[in-house]
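One structure is given below, encoded as structure tokens.
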Amino acid sequence: MYRRYLTKFDLDKVRKEYCNVLIIGTGIAGLYTAVNIDEKYKVLMLAKNSIKENNSNLAQGGIAACISKDNDKKFHYMDTLKAGSFYNNEGAVKILVEEAAENIEKLIEFGTNFDRDEKNFLRATKEGGHSRRRVLHSKDETGKEIIRALTVKVKKRKNIIILEDTFAIDILTSKGRCIGAIVKSGKEIYCIISQVVVLATGGIGQVYQNTTNSKIATGDGIAMAFRAGAEIVDMEFVQFHPTALYDENNKKRFLISEAVRGEGAILRNSMGEAFMKKYHKLKDLAPRDIVSRAIFNEMNKENKPCVFLDITHKDKDFIKNRFPNIYNQCLLRGIDITKDYIPVCPVEHYIMGGIKTNYNGRTNIVGLYACGEAACTGVHGANRLASNSLLEGVVFGNRVAKDINSYIRNGNYYIYNIKSDGDQELVEKDRIEELRKNARKIMEKHAFILRSKKGLEEALIRIKEILEELNIYKRDDESFYECVNIMTVAYLIVSDALKRETSLGSHALVEN
Ligand code: FAD
Ligand code: SIN
């Protein structure tokens, strides 16, 4: 459907670098995988932007884990299944819950500071779908703290080299095996030949018009794996976070963490009514797909662009101390959350589907692994339980590293003579920007919280047209590669959504 490689090259002629392990991505999944690789192996890590520009660094609420209360494991397991509409891979959920504690201990050993009480016990909060308080946090910037600690650790390791501002264009494959990647740094395009490649490239938020995600979240890993023939699954399951800060002028939405509701905040419509009791017995702490649909329904009923989150009944010092980032970010926009209601609306936040892997992160292509948000073990089912994503990054990142350590012990480098040709025409950047904008509009209109068969069919026709147009173009810059990747992911979401003919989890179908 789209040509195999986004750029023209001849492996015989380009510069080649070598390593044992190439990890594409420096979010929680990439960094945690890297620190668990044996120090005798040379690891190259790529970030298409700075090391800090990713979704992990933005994570607010926390990381779910039963650390001391053994009897909580079965509840964490059940809460994960309930949130996921029981579509989850149960084996993966067992692993997630069972291996949480050892990986949290490692994070702490690596220097992560989670919040603690006066007796030095870890504090835990609640979020949507959690029947118990088990979400560890570092105020409202948990991701930033974890990434800080992991970055310090990685930078101390002599076997790991981080290449920032280096864009992976495509993975290199031949004879069913992945042998490295073709990348762009500055103006140079070159190849990295590696015994194994790990895709830890994160999410897809930029496929939608409104998102909580970082600008890097353009689904590159999923799209490049798809071009290479990897199995991509469950793409219809896109999670929309219920409470992004509504701001008329800004489509990159600042998140108001679910932990704010975990600490007692209440959703109200424009009449001031606390409406969640009408929708679910867990009220404001129902699973995310249910809260998002409830908000969407209230917005449509009232013909308003947002609803409101109210935490004004809590102590002012508690709010400022527990949520300093949210307090300050809202204040910058003229909202004092200790006194004012916060305008919020649902926006794209996370994708449950992705590159299909087994429990050790292996894909169907030999030598290609995936972990983190780009991967799909099936652990989240049809809707992810809050704060299970950072946990997934460490639990499965650790498993990927262990598997690689034994896999490459006796392995070899493989180099085949790969060449990509093609006679595409050079396209103007403006046209690319225009197509990218169109795509995001189409997805927001037809593949958002409520979907109809007719809308999805219309979207698919338009997406295919854009992909066909892009296929005749070339342009060696990031905006072109990202545009093709966004369109590829849009295609995968819409075509999987059309295949699922009944509502499940985050995939909600309505009559036209
Ligand atoms: P990311 O952290 O997004 O990292 C992706 C990496 O891949 C980046 O380094 C990027 O540069 C690199 N990359 C991508 N494409 C390329 C390319 N072509 N070439 C080179 N490099 C590339 N989850 C929770 O569990 N708890 C929370 O509290 C929480 N809060 C969240 C708050 C926000 C605002 C957001 C957006 C998400 C939140 N999530 C939370 C979800 C969670 O943060 C993410 O799912 C998780 O961090 C993804 O980690 P990752 O390592 O897979 O990807
Ligand atoms: C949040 O803090 O609300 C985000 C948590 C998550 O995505 O798991």
Side-chain angles (χ1 to χ4, degrees), residues 6 22-33 45-65 83 125 127-130 135-138 140-144 146-147 150 162-171 181 183-185 198-205 211-224 239 241-244 252-262 288 291 323 325-326 347-352 354 370-375 380 384-394 396-397 478 481-482 485:
L6 296 189
L22 171 63
I23 300 176
I24 308 179
T26 61
I28 191 166
L31 290 172
Y32 198 74
T33 302
M45 298 191 75
L46 309 184
K48 69 171 166 181
N49 204 284
S50 83
I51 192 173
K52 287 188 186 151
E53 183 63 60
N54 50 55
N55 280 353
S56 301
N57 209 41
L58 297 174
Q60 294 184 357
I63 181 161
T125 190
E127 285 183 75
H130 287 274
V135 178
L136 310 180
H137 50 83
S138 189
D140 55 355
E141 292 187 292
T142 310
K144 200 172 186 177
I146 296 174
I147 294 300
L150 286 177
I162 299 176
L163 304 172
E164 291 180 282
D165 297 309
T166 304
F167 193 103
I169 306 169
D170 268 305
I171 51 168
V183 306
K184 179 171 181 284
S185 173
V198 182
L199 290 171
T201 45
I204 59 108
T211 180
T212 59
N213 285 194
S214 151
K215 63 185 177 193
I216 60 94
T218 52
D220 299 350
I222 296 175
M224 66 179 104
Q239 182 167 77
H241 197 293
T243 58
K252 160 80 184 75
R253 308 278 195 200
F254 177 72
L255 182 73
I256 308 294
S257 174
E258 208 158 278
V260 179
R261 271 175 288 135
R288 223 167 250 181
V291 182
F323 301 112
N325 185 36
I326 294 173
V347 301
E348 194 287 340
H349 183 63
Y350 184 85
I351 187 147
M352 274 67 74
C371 58
E373 193 168 340
H380 305 304
R384 173 173 66 86
L385 180 69
S387 287
N388 264 355
S389 175
L390 293 179
L391 182 61
E392 176 194 23
V394 294
F396 289 96
E478 289 75 354
Y481 310 139
E482 285 187 350
N485 291 338

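Starting from 1, each residue takes its place in the sequence as its number. Each ligand, and each atom within it, is numbered from 1 in the order the structure gives.
Looking at Thr33 and Cys371, their side chains come closer than 4.5 Å, going by heavy atoms from C-beta outward. In this structure, Val394 and Ile146 have side chains that are not in contact, with every pair of non-hydrogen atoms separated by 4.5 Å or more. Residues Thr243 and Val260 form no side-chain contact, since every pair of their non-hydrogen atoms from C-beta on lies 4.5 Å or further apart. When side chains are defined from C-beta on, Tyr350 does not count as touching His241, because their heavy atoms never get closer than 4.5 Å. Under the 4.5 Å side-chain criterion, counting only non-hydrogen atoms from C-beta, Ile256 is not in contact with Phe323. Taking the side chain as every heavy atom from C-beta outward, Phe254 and Gln60 approach each other to under 4.5 Å. Here the side chains of Val291 and Glu258 are not in contact, with every heavy-atom distance at 4.5 Å or above.
When the heavy atoms of Gly143, Ser387, Ser389 are ranked by distance to atom 8 (O) of ligand 2, first place goes to Ser387. Here the shortest heavy-atom distance to atom 49 (O) of ligand 1, taken over Ala374, Ser387, Ser56, Ala47, belongs to Ser56. The closest heavy-atom contact to atom 2 (O) of ligand 2, among the options Ser257, Ala59, Ala64, comes from Ser257. The residue among His241, Glu392, His349 with a heavy atom at the shortest distance from atom 37 (C) of ligand 1 is His349. Of the candidates Ala59, Ala386, Gly62, Gly205, the one placing a heavy atom closest to atom 26 (N) of ligand 1 is Gly62. Within the set Thr211, Val394, Leu255, the minimum heavy-atom distance to atom 32 (C) of ligand 1 is found for Leu255. When the heavy atoms of Leu58, Leu46, Ile23 are ranked by distance to atom 34 (C) of ligand 1, first place goes to Leu58.
In this structure, Thr125 contributes its side chain and Val135 its backbone to no donor-acceptor pair below 3.5 Å. Judged by distance alone, the side chain of Gln239 and the main-chain N or O of Met352 form no donor-acceptor pair under 3.5 Å.
Of all protein heavy atoms, the one closest to atom 53 (O) of ligand 1 is Gly202 CA, 3.2 Å. Counting only heavy atoms of the protein, atom 10 (C) of ligand 1 lies nearest to Ile216 CD1, 3.8 Å. For atom 7 (O) of ligand 2, the nearest non-hydrogen atom of the protein is His349 NE2, 2.7 Å. Protein heavy atom nearest atom 21 (N) of ligand 1, with residue, atom name and distance: Lys48 N, 3.2 Å. The nearest protein atom to atom 12 (C) of ligand 1, hydrogens excluded, is given as Gly25 CA, 3.6 Å; this is a heavy-atom distance. Looking only at protein heavy atoms, the nearest one to atom 52 (O) of ligand 1 is Glu373 N, 2.9 Å. Shortest contact from atom 3 (O) of ligand 1 to any protein heavy atom: Asn55 N, 3.0 Å. Of the protein's non-hydrogen atoms, the one nearest atom 51 (O) of ligand 1 is Ala29 N, 3.0 Å. The nearest protein atom to atom 15 (N) of ligand 1, hydrogens excluded, is given as Asp220 OD2, 3.3 Å; this is a heavy-atom distance.
Neither the backbone nor the side chain of Ala64 comes within 4.0 Å of ligand 1, counting heavy atoms alone. Contacts between Thr201 and ligand 1 below 4.0 angstrom, taking non-hydrogen atoms only, involve backbone and side chain alike. Contacts with ligand 1 closer than 4.0 Å are made by backbone heavy atoms (N, CA, C, O) of Thr166 only, the side chain lying farther away. Using a 4.0 Å cut-off between heavy atoms, Asn388 contacts ligand 1 through its backbone alone, with no side-chain atom that close. Contacts of Gln60 with ligand 1, taken as heavy-atom pairs under 4.0 Å, involve the backbone alone. Counting heavy atoms closer than 4.0 Å to ligand 1, residue Tyr481 contributes nothing at all. Only the side chain of Arg288 comes within 4.0 Å of ligand 2, judged by heavy-atom distances.
Inclusion of Leu390 in the set of residues having an N or O under 3.5 Å from an N or O of ligand 1 is warranted. Residue Ser214 has no N or O atom closer than 3.5 Å to an N or O atom of ligand 1. An N or O contact shorter than 3.5 Å is missing between Asn388 and ligand 2 by distance. Considering backbone and side-chain atoms together, Thr212 places no N or O closer than 3.5 Å to any N or O of ligand 1. Among the atoms of Ser389, some N or O lies under 3.5 angstrom from an N or O of ligand 1. Remark: ligand 1 and Ala168 share an N or O pair separated by less than 3.5 Å (distance only, no angle test). Considering both main-chain and side-chain atoms, Gln60 never comes within under 3.5 Å of ligand 2 through any nitrogen or oxygen pair. For ligand 2, none of its N or O atoms has an N or O atom of Leu255 under 3.5 Å away. Where the criterion is an N or O separation shorter than 3.5 Å, residue side chain and backbone included, Ile28 meets it with respect to ligand 1.
For Thr166, there are no side-chain hydrogen bond (donor to acceptor under 3.5 Å, both in side chains) partners two or more places apart in sequence or in a different chain.
Ligand 1 has Asn213 within reach: a non-hydrogen atom of the residue lies less than 4.0 Å from it. In this structure, Ala200 is part of the shell of residues with a heavy atom less than 4.0 angstrom from ligand 1. By the 4.0 Å heavy-atom criterion, Thr212 is excluded from the residues contacting ligand 2. Taking 4.0 Å as the cut-off, Gln239 does not count as a neighbour of ligand 2 on heavy-atom distance.
The CG atom of Asp140 sits 5.0 Å away from the CG atom of Asn325 when rounded to the nearest 0.5 Å. Note that the CG atom of Asp170 and the NZ atom of Lys184 stand 14.0 Å from one another [nearest 0.5 Å]. To the nearest 0.5 angstrom, Lys48 atom NZ is 10.0 Å from Lys215 atom NZ.
Shown in contact with Thr26 at under 4.0 Å from a heavy atom are these atoms of ligand 1, numbered in order with element: 6 (C), 8 (C), 9 (O). Of all atoms in ligand 1, listed by their number and element, those nearer than 4.0 Å to a heavy atom of Ile24 are 19 (N), 20 (C), 21 (N). For ligand 2 and Glu127, the ligand atoms under 4.0 Å from any heavy atom of the residue are 1 (C), 2 (O), 3 (O), 5 (C). If you number the atoms of ligand 2 from 1 as listed, the ones under 4.0 Å from a heavy atom of His241 come out as 1 (C), 3 (O), 4 (C).
Checked against His349 for a side-chain contact (heavy atoms from CB on, under 4.5 Å), the options Leu255, Asn55, Thr211 give a single hit: Leu255.
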Side chain to side chain contact (heavy atoms under 4.5 Å, CB included) evaluation trace for Lys52 with Lys144: CA-CA 8 Å; Lys52 287 188 186 151; Lys144 200 172 186 177; over 6 Å; no

Between side-chain atoms of residues 22-32 and protein atoms elsewhere (two or more places apart, or another chain), which donor-acceptor pairs fall under 3.5 Å?
from, atom 1, to, atom 2, distance (Å)
Thr26, OG1, Ile51, O, 3.2
Tyr32, OH, Asn103, OD1, 2.8

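Counting only N and O atoms by type, the side chains of Thr142 and His137 include no donor and acceptor under 3.5 Å apart. A side-chain donor-acceptor contact under 3.5 Å links His380 and Glu392.
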